[in-house]
Asks: 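For reference, the structure I am asking about is given below.
Fair warning: this is a prediction, and the values are worked out from it, not measured in the lab.
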Amino acid sequence: MVKRRRFLALVGGALTSTIVLAGCLGNPPTSTDAGGSAPTTQAPAAGNTDLEVKTVSLGFIPILEGAPLVIALEKGFFAKHGLEVNLTKQASWPAARDNVVLGTGGGGIEGGMWQLPMPQMITEGAITDGKKVPMYILAMLMSQGNGIAASTSIKDANLGTDLKPAVPFFKSFSQKEGRKFRAAYTFPKANQEFWIRYWLAAGGIDPDKEVELLTVPATETVQGLRNGTMELFSTGDPWPTRVVDDKIGYLATTTASIWPVHPEEFLAIRSDWVDKHPKATIALIKGVIEAQQWLDKPENKAEAAKILASRKWYNIPQPVLERALKGGYKPGTTATPETDPKMGPLYWNSDRGVISYPYKSLTLWFLLESMRWKFYPETINSVEQAKAINDKVTREDLWRQAAQELGLPASDIPTTSSRGKETFFDGVVYDPENPKAYLDSVKIKR
């Protein structure tokens with residue numbers, strides 16, 4: 001199995017490199033190119049000569065969580081701090097996982113954007129056939145910006161954030177169709193599956209008994225609804241927005257509606273690379289922070305959409321990306337346009353403080369949800385184990401050092417590891433000071 005994964009990872013990486021390079025061949029890109037395109041690496045800025053290494057290879061998936069990495073490269077924030085980042089589009093989350101196990105020495109990557117708890121479970125060898133590859137979580141890349149999209153084939157069910165009115169629909173679905181309701185996410189036992197599970201369970205629907213859960217790459221979710229292989233999927237924008245635009249489905253809910261200002265995907269790097277290159281790591285975090293600040297400014301949304309729309313990055317129409325970046329959703333079966341930036345993707349500012357900071361209270365939640373569903377019983381079966389893993393992997397200290405060196409105001413640099421109590425749409429409260437109480441409070445669990 002390990003050999004097969006290594007082969008697939010190498011093939012996926014080769015194909016990705018071919019696609020990226022193809023986008024760079026021919027006439028040199030100009031500022032008038034459709035995507036505002038630039039090479040996938042940039043030379044370090046002159047004068048930055050004190051880094052232990054000048055280059056790092058990272059991976060990303062074409063959803064809005066990856067925008068800070070693309071923008072940091074395209075707008076020169078990485079180069080400003082003396083770092084050349086080789087950024088490659090990953091074919092899928094399994095490919096990203098396998099490529100980080102390989103590392104640069106094996107033709108893979110050193111890290112990039114991740115759904116949680118992937119970095120923790122890669123560290124423990126729980127999703128890598130027992131091969132432990134320690135990683136560090138360095139920053140949160142984005143909050144919100146995710147949606148749960150449903151097919152027009154179930155438009156009559158009129159699914160929304162509160163699923164209690166739809167319980168009869170789910171209960172009778174298998175009797176009418178001769179099979180279970182099918183819901184998809186992009187990687188098992190991680191972010192996107194957690195959102196679906198929390199949403200279903202809050203409505204009184206057991207995701208393990210009444211729904212068939214599928215794993216589908218983000219780029220294939222739209223086609224999955226189109227051809228009827230699933231009724232619903234959970235993933236990051238721009239794919240839910242694309243479903244509405246293409247009139248093949250409707251936006252049942254957003255993750256912002258489930259948990260306002262929730263933790264989403266994170267920047268995580270192999271710990272051996274970080275330990276060997278502490279100055280380069282700080283430079284990397286600085287570039288990401290400045291990209292997040294740039295992305296969060298309303299006046300930059302249009303340019304960001306133009307950059308991301310490029311074939312070498314997202315290959316998505318610019319208007320779709322721009323509306324998604326601005327929080328311009330069309331929720332429900334009526335698809336009535338709404339624009340509320342606070343409900344859209346958040347990269348820096350929020351009502352709960354700075355988005356980028358890797359609060360241990362937030363990274364811990366994903367491990368608690370893993371316990372809730374008994375995803376990794378041989379790795380995590382107690383709150384104490386979850387905390388130990390979390391403390392080992394989440395490196396708040398490195399983020400704080402980068403922020404201080406950037407000269408950020410003290411108000412933008414958290415001094416504690418907890419963001420405080422978190423409240424979900426159904427009234428459930430997650431108190432990081434009492435994780436067991438949270439686990440006891442959720443009604444549907446394993």
Side-chain angles (χ1 to χ4, degrees), residues 115-117 120 137 140 142-148 159-167 189-208 234 252-266 340 342-346 349-376 380-391 393-394 396 414-446:
Q115 294 190 55
L116 262 56
Q120 295 102 316
I137 293 172
M140 187 160 85
M142 189 189 81
S143 176
Q144 304 182 161
N146 282 240
I148 297 177
L159 303 183
T161 304
D162 183 2
L163 285 179
K164 290 184 178 67
V167 168
K189 304 177 183 179
N191 279 30
Q192 305 302 340
E193 181 175 355
F194 287 165
W195 303 140
I196 278 191
R197 282 178 172 271
Y198 193 97
W199 178 60
L200 290 170
I205 299 149
D206 193 316
D208 290 315
S234 164
T253 188
T254 62
T255 51
S257 299
I258 296 172
W259 180 2
V261 198
H262 62 79
E264 204 15 74
E265 288 174 16
F266 288 73
D340 183 355
K342 285 190 175 183
M343 293 296 286
L346 305 174
N349 291 309
S350 80
D351 293 338
R352 299 300 304 275
V354 171
I355 291 298
S356 182
Y357 190 76
Y359 282 102
K360 286 185 179 180
S361 65
L362 298 182
T363 56
L364 176 64
W365 179 82
F366 295 93
L367 300 177
L368 298 176
E369 279 296 283
S370 297
M371 288 176 58
R372 174 186 181 179
W373 301 110
K374 294 193 183 302
F375 281 161
Y376 307 103
I380 318 171
N381 54 35
S382 72
V383 171
E384 290 70 29
Q385 284 181 321
K387 285 183 175 180
I389 293 171
N390 198 49
D391 287 341
V393 176
T394 304
E396 298 176 344
T415 57
T416 67
S417 294
S418 176
R419 201 173 71 169
K421 294 181 180 180
E422 308 286 343
T423 304
F424 294 80
F425 80 99
D426 57 344
V428 169
V429 175
Y430 162 48
D431 182 356
E433 299 302 315
N434 193 352
K436 187 177 183 300
Y438 167 74
L439 291 172
D440 290 342
S441 69
V442 290
K443 294 182 175 59
I444 297 179
K445 52 197 167 188
R446 297 284 78 83

Asks: CD1/I196 to CD1/I205 distance, rounded to the nearest 0.5 angstrom?
Replies: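 Interatomic distance, I196 CD1 to I205 CD1, rounded to 0.5 Å: 11.5 Å.
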Asks: Please report the shortest heavy-atom distance between G203 and L163, naming the atom on each side.
Replies: CA-CB, 4.0 Å
Asks: Would you mind reporting whether Y376 and P117 have side-chain heavy atoms less than 4.5 Å apart?
Replies: yes
Asks: Looking at P263, is its backbone amide N or carbonyl O close enough to the side chain of Y359 to form a donor-acceptor pair, meaning the two atoms are under 3.5 Å apart?
Replies: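 Side chain of Y359 to backbone of P263, a donor-acceptor pair under 3.5 Å: no, none is there.
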Asks: To the nearest 0.5 Å, what is the distance between NZ (K443) and CG (D426)?
Replies: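 Answer rounded to 0.5 Å: 8.0 Å.
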Asks: Working note: I355 + V261, criterion side chain to side chain contact (heavy atoms under 4.5 Å, CB included); need CA distance, chi angles, decisive distance, verdict.
Replies: CA-CA 8 Å; I355 291 298; V261 198; 3.7 Å; yes
Asks: Hey, can you tell me if W365 and F194 have their rings parallel, tilted or perpendicular (30° and 60° cut-offs)?
Replies: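 Perpendicular: the ring planes of W365 and F194 meet at over 60°.
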Asks: Of all heavy-atom pairs between W199 and T253, which one has the smallest distance, and what is that distance?
Replies: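 Smallest interatomic distance, heavy atoms only, reads NE1-CG2, 3.7 Å.
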Asks: Where is the tightest heavy-atom contact between L439 and K445, given as atom of each residue plus distance?
Replies: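 Looking at all heavy atoms of both residues, the closest pair is O-NZ, 2.7 Å.
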Asks: Grab the two heavy atoms, one from M371 and one from N381, that are nearest each other, plus how far apart they are.
Replies: CE-C, 4.1 Å
Asks: Between the side chain of W373 and the main-chain N/O of R446, is any donor-acceptor distance below 3.5 Å?
Replies: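 Answer holds: no.
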Asks: Look at the rings of W259 and H262 and say which category their plane angle falls in: under 30° parallel, 30 to 60° tilted, over 60° perpendicular.
Replies: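 Answer is tilted, since the angle falls between 30° and 60°.
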Asks: Going by heavy atoms in the side chains, are T254 and W195 under 4.5 Å from each other?
Replies: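 Result no, sub-4.5 Å side-chain heavy-atom pair not found.
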Asks: Donor-acceptor pair, Q144 side chain versus G344 backbone, under 3.5 Å?
Replies: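 Such a contact is found between Q144 side chain and G344 backbone.
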Asks: Would you check if F266 and T394 make a side-chain contact, meaning some heavy-atom pair closer than 4.5 Å?
Replies: no
Asks: Any non-hydrogen side-chain atom of F424 less than 4.5 Å from a side-chain atom of V442?
Replies: no
Asks: Can you tell me how far CD1 of I444 sits from CG of D206, rounded to the nearest 0.5 angstrom?
Replies: 5.0 Å
Asks: Within this structure, what is the CD1-CG distance for the pair I389 and L367, rounded to the nearest 0.5 Å?
Replies: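 Atom-to-atom, I389:CD1 and L367:CG are 6.0 Å apart.
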Asks: Are the side chain of K421 and the backbone of V429 linked by a donor-acceptor contact shorter than 3.5 Å?
Replies: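 Not a single qualifying donor-acceptor pair exists.
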Asks: Applying side chain to side chain contact (heavy atoms under 4.5 Å, CB included), run through I137 and Q120 and close with a yes or a no.
Replies: CA-CA 9 Å; I137 293 172; Q120 295 102 316; 3.9 Å; yes
Asks: With under 30° as parallel and over 60° as perpendicular, where do the rings of Y198 and F425 fit, or are they tilted in between?
Replies: perpendicular
Asks: Could you tell me the separation between the CD atom of E264 and the CE atom of M140, rounded to the nearest 0.5 Å?
Replies: 8.5 Å
Asks: Are the side chains of Y438 and R372 in touch, meaning some heavy atoms are under 4.5 Å apart?
Replies: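 With C-beta onward as the side chain, the pair touches.
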Asks: Is any side-chain N of the basic residue among R197 and E193 closer than 4.0 Å to the acidic one's carboxylate O?
Replies: yes
Asks: Does any non-hydrogen side-chain atom of T255 lie less than 4.5 Å from one of N191?
Replies: no
Asks: Determine, stepwise, if the pair L362 / R419 fulfils side chain to side chain contact (heavy atoms under 4.5 Å, CB included).
Replies: CA-CA 8 Å; L362 298 182; R419 201 173 71 169; 4.0 Å; yes
Asks: Please answer whether the main-chain N or O of Q192 pairs with a side-chain N or O of S234 as donor and acceptor at a distance below 3.5 Å.
Replies: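 Yes; judged by distance alone, with no hydrogens or angles, the pair exists.
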Asks: With a 4.5 Å cut-off on side-chain heavy atoms, are T416 and S361 touching?
Replies: no
Asks: Rounded to the nearest 0.5 Å, how far does CD of E396 lie from CG of D391?
Replies: 9.0 Å
Asks: Taking S417 for the side chain and K360 for the main chain, is one N or O donor matched with an acceptor at less than 3.5 Å?
Replies: no
Asks: Determine whether I258 and I148 make a side-chain contact, defined as any pair of heavy atoms from C-beta on separated by less than 4.5 Å.
Replies: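 Sidechains of I148 and I258: in contact.
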Asks: Tell me whether E384 is salt-bridged to K387, with the criterion being a basic N under 4.0 Å from an acidic carboxylate O.
Replies: no
Asks: Would you sort out whether S257 and M343 count as a side chain to side chain contact (heavy atoms under 4.5 Å, CB included), showing the intermediate values?
Replies: CA-CA 8 Å; S257 299; M343 293 296 286; 3.5 Å; yes
